Amino acid sequence: MDTASPTAAKKTPLFSEHQRMGAKIIDFGGWLMPVNYPPGILEEHKATRGAVGVFDVCHMGEIHFRGPRAAEAVQRLVTNNVAGLADGRAMYAVACHESGGIVDDLIVYRVAADHFLIVVNASNIDKDHRHFVANVGSWCEIGNQSDATALVAFQGPKATAALAGLTKADLGGLRSFAFLPDQQVAGLPAWIARTGYTGEDGFEIFSPAEHAVALWNALVDAAAKFGGKPVGLGARDTLRLEARLSLYGNDLSDTTSPLEAGLGWVVKLDAGDFIGKAALVRQRAAGLQRKLAGFEMRERGIPRHGYPIKDAKTGVALGDVTSGGVGPTIGKNIGMGYLPAAYAEPGTRLVIDCRGKPAEAEVVSGPFYRRRAS
């Protein structure tokens, strides 16, 4: 993850609101962001799982592709099948280097046949924009609208009910990974997408940056009526970890491939000649040497990013924890890390070196947490 000194760090349009609400602010990937609000992370995590959480994600990047070759350009950049998208639909994908390493993981939105939006990670905005322009900049217009766009996530089992009071949009008819452009939320212009990063159902709401404060306050007030609250980066991390959703800079990087990261489901080798395809074809044919595995702790100890992972019997080093921590909903300490393929099978016993104290763990499959069907 990129870092920056506090003096150089950027602020979202909601920075003053976070200060007003008493948030603890940290430098995250070059952005001054709330890590939590009073009383703390656990309450924010529970509010999102039980009601609705409101997240400032204005630091994420929005890059638009416009022109007759927009679809062709986006397909050249991402591994998933762009041709499979209809207007008003979105998909998760990754962009790769020629080596097969991940430039970024992202969401592609098809606005129209000649207009696509790609939402990218905050710490990668400039890097991604350069990558896009360098490879397909002559194919279509590529516009970085990140500074002009506000984005607020509204997540949780009561998100639909809470948001319904602020919009006339057909939320019930909005499917997962679909979006409605040209709507209004709290009387403000907005796009409403049914995507998220918490393991819960919910929405992400785009609006011009000048409306960010009004939109935020309306959403926070709406959430409060249903037992919800604003949520900072701390609970955002515990929520995505329980759902086993990867974080770029921890679990994904320029040196990890989507196949190694368990994202083979977004690699469609018949989709087109995307960047990195040849390398991924070779890697798949040769067999994966390592895989990103999830594990649960079987002894006391909280796995943290960078802690060594070892063979439970021999003590031989296998890799490092990429993401880890407490899973408040499931009541277990959990983590992820890249392991030799033979060790990534469910049931494999590991040892996590928690600051010099070994603690046993076991590889498990699937998400650590799954929401209940509504």
Side-chain angles (χ1 to χ4, degrees), residues 1 78-80 92-97 99-107 121 123-124 197-199 236-269 276 279-298 301-312 316-327 330 332-354 359-370:
M1 184 63 65
V78 306
T79 61
N80 211 336
Y92 179 68
V94 297
C96 287
H97 297 284
S99 65
I102 299 173
V103 176
D104 204 0
D105 66 320
L106 37 82
I107 299 181
N121 283 300
S123 60
N124 287 339
Y197 189 58
T198 60
R236 182 171 167 85
D237 196 53
T238 57
L239 290 160
R240 70 93 189 169
L241 180 59
E242 284 190 333
R244 199 169 165 177
L245 298 172
S246 294
L247 174 66
Y248 194 92
N250 283 35
D251 315 297
L252 310 174
S253 75
D254 296 299
T255 60
T256 60
S257 85
L259 301 182
E260 294 171 330
L263 299 177
W265 60 279
V266 301
V267 177
K268 304 298 171 57
L269 296 177
L280 296 178
V281 168
R282 290 193 298 269
Q283 187 178 64
R284 179 170 284 177
L288 297 178
Q289 299 302 302
R290 62 173 184 168
K291 296 180 180 179
L292 183 63
F295 59 84
E296 296 178 351
M297 301 301 295
R298 298 306 185 209
I302 301 176
R304 300 293 186 190
H305 174 73
Y307 283 8
I309 305 174
K310 301 179 179 180
D311 184 298
V316 171
L318 302 174
D320 297 311
V321 176
T322 54
S323 288
V326 176
I330 62 175
K332 298 176 182 179
N333 297 336
I334 52 180
M336 295 188 286
Y338 285 91
L339 299 174
Y343 285 86
E345 295 300 317
T348 302
R349 292 286 174 145
L350 309 168
V351 164
I352 312 301
D353 185 343
C354 300
E360 193 167 288
E362 182 177 336
V363 175
V364 296
S365 62
F368 304 107
Y369 162 84
R370 286 186 174 89

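This structure is a prediction, so every number in the text was calculated from the model and none was measured.
Side-chain contact between Asn124 and Val103 is absent, with no heavy-atom pair separated by less than 4.5 Å. A heavy-atom distance below 4.5 Å is found between the side chains of Thr256 and Arg290. With contacts defined as side-chain heavy-atom distances shorter than 4.5 Å, the pair Ile102/Pro258 qualifies. Considering only heavy atoms from C-beta on, Leu350 comes within 4.5 Å of Thr348 through its side chain. Residues Gln283 and Gln289 form no side-chain contact, since every pair of their non-hydrogen atoms from C-beta on lies 4.5 Å or further apart. Contact of the Asp353 side chain with the Tyr307 side chain is not registered, since no non-hydrogen atoms from C-beta on lie closer than 4.5 Å. By the 4.5 Å heavy-atom criterion applied to side chains, His97 and Asp254 are counted as neighbours.
Checking side-chain atoms of His305 against main-chain N and O of Ser323 turns up no donor-acceptor pair under 3.5 Å. Put simply, the side chain of Thr79 gets close to the backbone of Val266: a donor and an acceptor are under 3.5 Å apart.
Evaluation of the salt bridge (charged side-chain N to carboxylate O under 4.0 Å, His left out) rule for Arg284 yields no partner, not counting sequence neighbours.
Atom CD of Glu362 has more than 12 neighbouring heavy atoms from other residues, nucleotides or ligands inside a 6.0 Å radius.
Between Arg298 and Glu360 there is no salt bridge, since no side-chain nitrogen of the basic residue lies less than 4.0 Å from a carboxylate oxygen of the acidic one. Under the 4.0 Å criterion applied to side-chain N and carboxylate O atoms, Glu242 and Arg240 are not assigned as salt-bridge partners.
Under the side chain to side chain contact (heavy atoms under 4.5 Å, CB included) rule, Tyr92 has a single partner from Asn80, Asp105, Val78, which is Asp105.
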Leu252 and Leu263: CA distance, side-chain angles, deciding distance, side chain to side chain contact (heavy atoms under 4.5 Å, CB included) verdict: CA-CA 10 Å; Leu252 310 174; Leu263 299 177; 4.1 Å; yes
Side chain to side chain contact (heavy atoms under 4.5 Å, CB included) evaluation trace for Leu106 with Asn121: CA-CA 7 Å; Leu106 37 82; Asn121 283 300; over 6 Å; no
Worked check of side chain to side chain contact (heavy atoms under 4.5 Å, CB included) between Ile352 and Val321: CA-CA 8 Å; Ile352 312 301; Val321 176; 4.0 Å; yes
Evaluation steps, side chain to side chain contact (heavy atoms under 4.5 Å, CB included), between Ser257 and Leu280: CA-CA 8 Å; Ser257 85; Leu280 296 178; 4.0 Å; yes
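Shortest non-hydrogen contact noted between Ile309 and Phe295 is CD1-CE2, 4.2 Å. The shortest heavy-atom contact between Ala312 and Val351 is CA-CG2, 3.7 Å. The minimum heavy-atom distance between Gly199 and Leu245, with the atom names listed, is N-CD1, 4.2 Å. Pairing each heavy atom of Glu296 with each of Ile334, the nearest pair is CG-CG2, 4.0 Å. Residues Lys310 and Ala317 come closest through the heavy atom pair CG-CA, 4.2 Å. Nearest heavy atoms, Ser246 versus Leu292: OG-CD2, 3.7 Å.
How far CD1 of Ile330 is from OG1 of Thr238: 10.5 Å, rounded to the nearest 0.5 Å.
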Donor-acceptor contacts, no H, no angles, side chain residues 336-346, under 3.5 Å, sequence neighbours left out:
unit_1, atom_1, unit_2, atom_2, d
Tyr338, OH, Asp251, O, 2.6
Tyr343, OH, Asp311, OD2, 2.6

